[in-house]
Amino acid sequence: MVTDCFFRSLSHLADLSELLGLKDYMGVMMFITFVEGVVPVSDERVRVTEEVFDGVEVVVYEPDQQGGDGELRRAVVYLHGGGWCLGSSRMGPYDLLARQMVSELNAVVVSVEYRLAPEHHFPVPFEDVYRGVKHFLQRHVLARYSVDPGRVAVSGDSAGGNLAAAVAQQLEQDPDQQVALKAQALLYPVLQALDLNTPSYQQNQDMPILPKTLMVRFWSEYFTSDNFHRPYKYSAPAAESSDPSHTIAAIIDTRASPLLAPDSMLRPLPKAYVLTCEYDVLRDDGVMYAMRLRRAGVDVTHEHYSAGFHGALMFTLWPTDFKIGHRMKDNYIRWLKQNL
């Protein structure tokens, strides 16, 4: 309740600020990102470096000790959530998760700092992530970090889960891609913008953390800047345009809505882990994607938390001990350990 009160109060403040012309809504909501911000530094167990992969900023976490006898490690490319508008790989919960994965999996974790909307609309965040992942999947780059080319996963939560699913699909369609992903792990992912009135959207429209109105706004900011501004000048999106963020086709573009991919794009995908929460507007997106992947022949593990809510896995740093968040994190890392 305290957490929900904080988020709702900040949202009302953001609405008022935008109404008065002081600062736009997402600019105020970025306060969450600043409050949770950390400077990732090395410690006795984890070596941390900030790199640039093909023009994209990343934070790389590695085990501090070198692998013995030429041992190759797992790797996880992690994409943070935040509705494509908020969040950062340099936030406390993501920093903690990366360190835990390094320690428990003896893995290299690459956390991608992609550009955000509304300054950078679709497909810029996807393109940033895709470039970063492709750069890392080059054999000489993997060798530099002592990573086994056959044990790399892509993962993310919420909007990061959207980007992870889209990246997994696009890599399989790339004829020049030589190193394939072994796994994809999607944590309460957002997977489609075609129908925002599914049962989970109806049931959870006023739920804490991610109410329906906020998810609609995230999609709006991701696709176009023609929203919530004064003076209001609306122009209907064109059927075709050189800017993919301004077309009706953007809504059904699989880079934005991976759930809408045809079966032919799903069949070759790597094994998948999909986490969904009962009290989450995005619940049905994840459920439908897990079902579609399974029917296409993909090895899928679907974990549904009947008492879960959106973002719970990242709330393990807050004063209240969210036991469900710890359980989600433990099960997620256990799956990676067994399948990567």
Side-chain angles (χ1 to χ4, degrees), residues 1-11 14 25-26 28-38 78-98 100-101 111 114 116-117 125 155-165 185-191 196 200-201 203-219 221-222 273-287 289 303-333:
M1 291 174 65
V2 172
T3 303
D4 183 35
C5 181
F6 168 77
F7 275 91
R8 289 180 187 269
S9 298
L10 185 62
S11 179
Y25 181 90
M26 289 302 172
V28 176
M29 294 298 288
M30 277 296 287
F31 176 74
I32 300 170
T33 303
F34 297 139
V35 166
E36 293 275 9
V38 297
Y78 196 88
L79 314 175
H80 70 79
W84 310 282
C85 301
L86 309 173
S88 169
S89 59
R90 299 181 179 93
M91 291 174 65
Y94 294 115
D95 180 69
L96 180 65
L97 176 62
Q100 189 171 343
M101 287 194 286
S111 197
Y114 54 90
L116 300 175
S155 183
D157 63 294
S158 193
N162 167 282
L163 294 169
L186 316 176
L187 312 177
Y188 31 80
V190 49
L191 295 166
L196 304 186
S200 61
Y201 269 99
Q203 173 189 329
N204 302 303
Q205 61 180 343
D206 296 316
M207 272 292 150
I209 313 302
L210 187 65
K212 179 178 178 178
T213 52
L214 181 55
M215 191 62 242
V216 170
R217 182 142 197 170
F218 280 145
W219 276 118
E221 298 278 12
Y222 191 33
Y273 175 87
V274 182
L275 184 157
T276 57
C277 298
E278 181 66 22
Y279 301 109
D280 182 4
V281 294
L282 304 178
R283 179 195 68 209
D284 295 346
D285 283 21
V287 171
Y289 198 55
E303 284 197 339
H304 179 72
Y305 290 84
S306 59
F309 59 92
H310 190 82
L313 187 141
M314 296 301 165
F315 276 79
T316 53
L317 279 184
W318 284 59
T320 303
D321 180 16
F322 286 108
K323 293 182 180 179
I324 193 168
H326 288 283
R327 189 162 73 250
M328 286 180 182
K329 184 181 292 186
D330 291 344
N331 290 341
Y332 162 62
I333 293 177

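Pairing each heavy atom of Ala159 with each of Gly82, the nearest pair is CB-N, 4.3 Å. Residues Pro208 and Arg8 share a closest heavy-atom pair of N-NH2, 4.3 Å. Minimum heavy-atom separation, Val281 to Ser200: O-OG, 2.7 Å.
Proximity of Tyr332 to Leu97: side-chain heavy atoms (C-beta onward) are separated by under 4.5 Å at one or more points. Taking 4.5 Å as the limit, some side-chain heavy atom of Leu313 sits within range of a side-chain heavy atom of Tyr188. Cys85 has its side chain out of reach of Arg217: every pair of non-hydrogen atoms, C-beta onward, lies at least 4.5 Å apart. When side chains are defined from C-beta on, Tyr78 counts as touching Ser155, because their heavy atoms get closer than 4.5 Å. The shortest distance between side-chain heavy atoms of Asp157 and Met314 falls below 4.5 Å. Arg327 places none of its side-chain heavy atoms less than 4.5 Å from the side chain of Asp330. Between Asp285 and Tyr289 the shortest side-chain heavy-atom distance does not fall below 4.5 Å.
Taking Asp95 as the reference, Arg99 meet the salt bridge (Lys or Arg N to Asp or Glu O under 4.0 Å) condition, with sequence neighbours excluded. For Tyr114, the ring pair (Phe, Tyr, Trp, His ring centres under 6.0 Å) criterion is met by His80, not counting sequence neighbours. Applying the ring pair (Phe, Tyr, Trp, His ring centres under 6.0 Å) test to Tyr25 and every residue at least two apart in sequence or in another chain returns nothing. Gln203 meets the side-chain contact (heavy atoms from CB on, under 4.5 Å) test with Glu278, Tyr279, Arg283; sequence neighbours excluded. The side-chain hydrogen bond (donor to acceptor under 3.5 Å, both in side chains) search around Glu303 returns Tyr273, Tyr305, not counting sequence neighbours. Every side-chain contact (heavy atoms from CB on, under 4.5 Å) that Ala98 has, sequence neighbours left out, goes to Tyr61, Val109.
Here the CG atom belonging to Leu86 is positioned 10.0 Å from the OG atom belonging to Ser158, to the nearest 0.5 angstrom. To the nearest 0.5 Å, atoms CG (Leu186) and CG (Leu282) are separated by 12.0 Å. To the nearest 0.5 angstrom, Phe34 atom CZ is 10.5 Å from Met91 atom CE. Distance NZ/Lys212 to CE/Met207: 14.5 Å, rounded to 0.5 Å. To the nearest 0.5 Å, the span separating OG on Ser89 from CG on Leu79 amounts to 10.0 Å. Atom CG of residue Asp280 and atom NE2 of residue His304 lie 9.5 Å apart, to the nearest 0.5 angstrom.
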Please report the C-alpha distance between Ile333 and Gln100 in whole Å, then the side-chain angles of each, then the deciding distance to 0.1 Å, and finally whether the side-chain contact (heavy atoms from CB on, under 4.5 Å) criterion is met. CA-CA 9 Å; Ile333 293 177; Gln100 189 171 343; 3.5 Å; yes

Show the numbers, then the answer: is there a side-chain contact (heavy atoms from CB on, under 4.5 Å) between Leu210 and Phe218? CA-CA 10 Å; Leu210 187 65; Phe218 280 145; 3.8 Å; yes

Start with the C-alpha distance between Ile32 and Phe6, add both sets of side-chain angles, then the distance that settles side-chain contact (heavy atoms from CB on, under 4.5 Å), and finish with yes or no. CA-CA 10 Å; Ile32 300 170; Phe6 168 77; 4.3 Å; yes

Taking it one step at a time, do Glu221 and Met26 satisfy side-chain contact (heavy atoms from CB on, under 4.5 Å)? CA-CA 9 Å; Glu221 298 278 12; Met26 289 302 172; 4.0 Å; yes

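Of the possible donor and acceptor atoms, none in the side chain of Thr33 sits under 3.5 Å from a partner among the backbone N and O of Ser88. Judged by distance alone, the side chain of Tyr201 and the main-chain N or O of Asp284 form no donor-acceptor pair under 3.5 Å.
Ring geometry for Trp84 versus Trp219: interplanar angle of 30 to 60°, hence tilted.
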